[in-house]
Amino acid sequence: MIRTDEIVKRYRNGTVALHGITLDLDERVTAVIGMNGAGKTTLIRILSTQLEPTSGKAEINGLDIMKNASQIRKNIVSIPQEASPIGILTPFEHVKLYLVGRGMSMSEAERNANISLDQLELREFKHKPSDTLSGGMKRKVFVAMALSANVDTIFLDEPTTGLDPLSRMEVWSAIRQLEGNVILTTHYMDEAHELSDEVVMIHGGKVLEKGNVKSLLSRFKGLVRVETTVPQEKGLQIGRLYIKYVKEEDAEKYLGEGYNIKRITLDDLFISRGMALES
Ligand SMILES: Nc1ncnc2c1ncn2[C@@H]1O[C@H](COP(=O)(O)OP(=O)(O)OP(=O)(O)O)[C@@H](O)[C@H]1O
Ligand SMILES: [Mg+2]
């Protein structure tokens, strides 16, 4: 369980990445979404005690991120966005050493390393030097570390970026089996939809939306998205594409060449920002 109260982060160069984030995160899996530069990584780094907020407070399971940081670190894992394994070490060595470093016995660490690497289908590669792995496999080594650590709270910053569709599903399946709370960031709206009990959308360092997928999409009820290259008076223009929302029963007016009708997804939270929905 995570509570934050008016978290502000101003970086040394003056950039204000977070403008007062107040959140209660109680669900098992929370997806944090938002555009590039929205502040997702900054928030994750603050919550996982890697970065100090400029002001504001936060606690994880009742422990204060500033006062009880070392205690918190024992109960969380945080996998950064840009993590890359050490080339000469094998995936097995990475996970094992990580777990031993966290205080696990050698035999338990080896057992857990095997289980998590097998679960993520790295069986064949687990004893090969990491620099012989593909980018997606390298990413999965870190996911395996997070999965095997047996902690309360796991932070995953873009865990599936660069993974092929099957590997993403393996990571999803592993995340679903975790016992603790998971806070992940993602740019894949299908991932947020599939995996999370709650979605938090951050924009410009502020919380713009929070709720389960159904409630977030409730304003689009009965609507579909029409995309077309045929110029439209109303709606949004992205390059040569015009986008508008129309009632499902009116969608047939837009069947035909040059028109595309799309079902509503979390993408529409981004697309429709600042746009009037047609009634
Ligand atoms: N070390 C830093 N020093 C100064 N500014 C930073 C630093 N790290 C991030 N920022 C700025 O803070 C803002 C938020 O960045 P952050 O990395 O948290 O975004 P993000 O939502 O994770 O983006 P992405 O989706 O691209 O990963 C951006 O304007 C970024 O330029
Ligand atoms: Mg980021």
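Computed from a prediction, not measured in an experiment: that's the story for all the values here. Remember, it's 1-based here, ligands and their atoms both numbered in the order they're listed.
- Side-chain atoms of Ser78 and Gln50 include a donor-acceptor pair closer than 3.5 Å.
- The shortest separation from a heavy atom of Lys9 to ligand 1 is not under 4.0 Å, leaving the residue out of contact.
- For ligand 1, the atoms closer than 4.0 angstrom to any heavy atom of Glu158 are 25 (O), 27 (O).
- Contact annotation: Met35 has at least one heavy atom less than 4.0 Å from an atom of ligand 1.
- Taking a 4.0 Å cut-off on heavy atoms, Gly34 fails to register as neighbouring ligand 1.
- Listed by number with element, the atoms of ligand 1 under 4.0 angstrom from any heavy atom of Ala17 are 12 (O), 13 (C), 14 (C).
- No continuous path of ILVMFWY side-chain contacts below 4.5 Å connects Leu178 to Ile60, so the two sit in separate hydrophobic clusters.
- Using a 3.5 Å distance cut-off with no hydrogens or angles, the side chains of Asn181 and Thr153 do not pair a donor with an acceptor.
- Remark: side-chain polar atoms of Ser116 are paired, donor with acceptor, to backbone N or O of Asn112 under 3.5 angstrom.
- Residue contacts with ligand 1, taken as heavy atom pairs separated by less than 4.0 Å, involve Thr41 via backbone and side-chain atoms alike.
- Coordination check, Thr185 versus the Mg ion (ligand 2): failed, since every N/O/S atom of the residue sits at 2.8 Å or beyond.
- Counting only N and O atoms by type, the side chains of Tyr259 and Thr229 include no donor and acceptor under 3.5 Å apart.
- Each of the following atoms of ligand 1 lies closer than 4.0 Å to a heavy atom of Thr42: 14 (C), 15 (O), 16 (P), 18 (O).
- Within a 4.0 Å radius of atom 19 (O) of ligand 1, the protein contributes one or more non-hydrogen atoms.
- Inside a 4.0 Å radius of atom 30 (C) of ligand 1 there is not any protein heavy atom.
- If you check the side chains of Gln177 and Gln119, you find a donor sitting under 3.5 Å from an acceptor.
- At a 4.0 Å cut-off, at least one heavy atom of His187 sits close enough to ligand 1 to count as contact.
- Seen from the Mg ion (ligand 2), atom OE1 of Gln81 and atom OG1 of Thr41 lie 80° apart in angle, a value rounded to 10°.
- Salt-bridge formation is detected for the pair Glu191/Arg168: a Lys NZ or Arg NE/NH1/NH2 atom is positioned less than 4.0 Å from an Asp or Glu carboxylate oxygen.
- Counting only distance, with no hydrogens or angles, the side chain of Asp164 and the backbone of Ser167 share a donor-acceptor pair below 3.5 Å.
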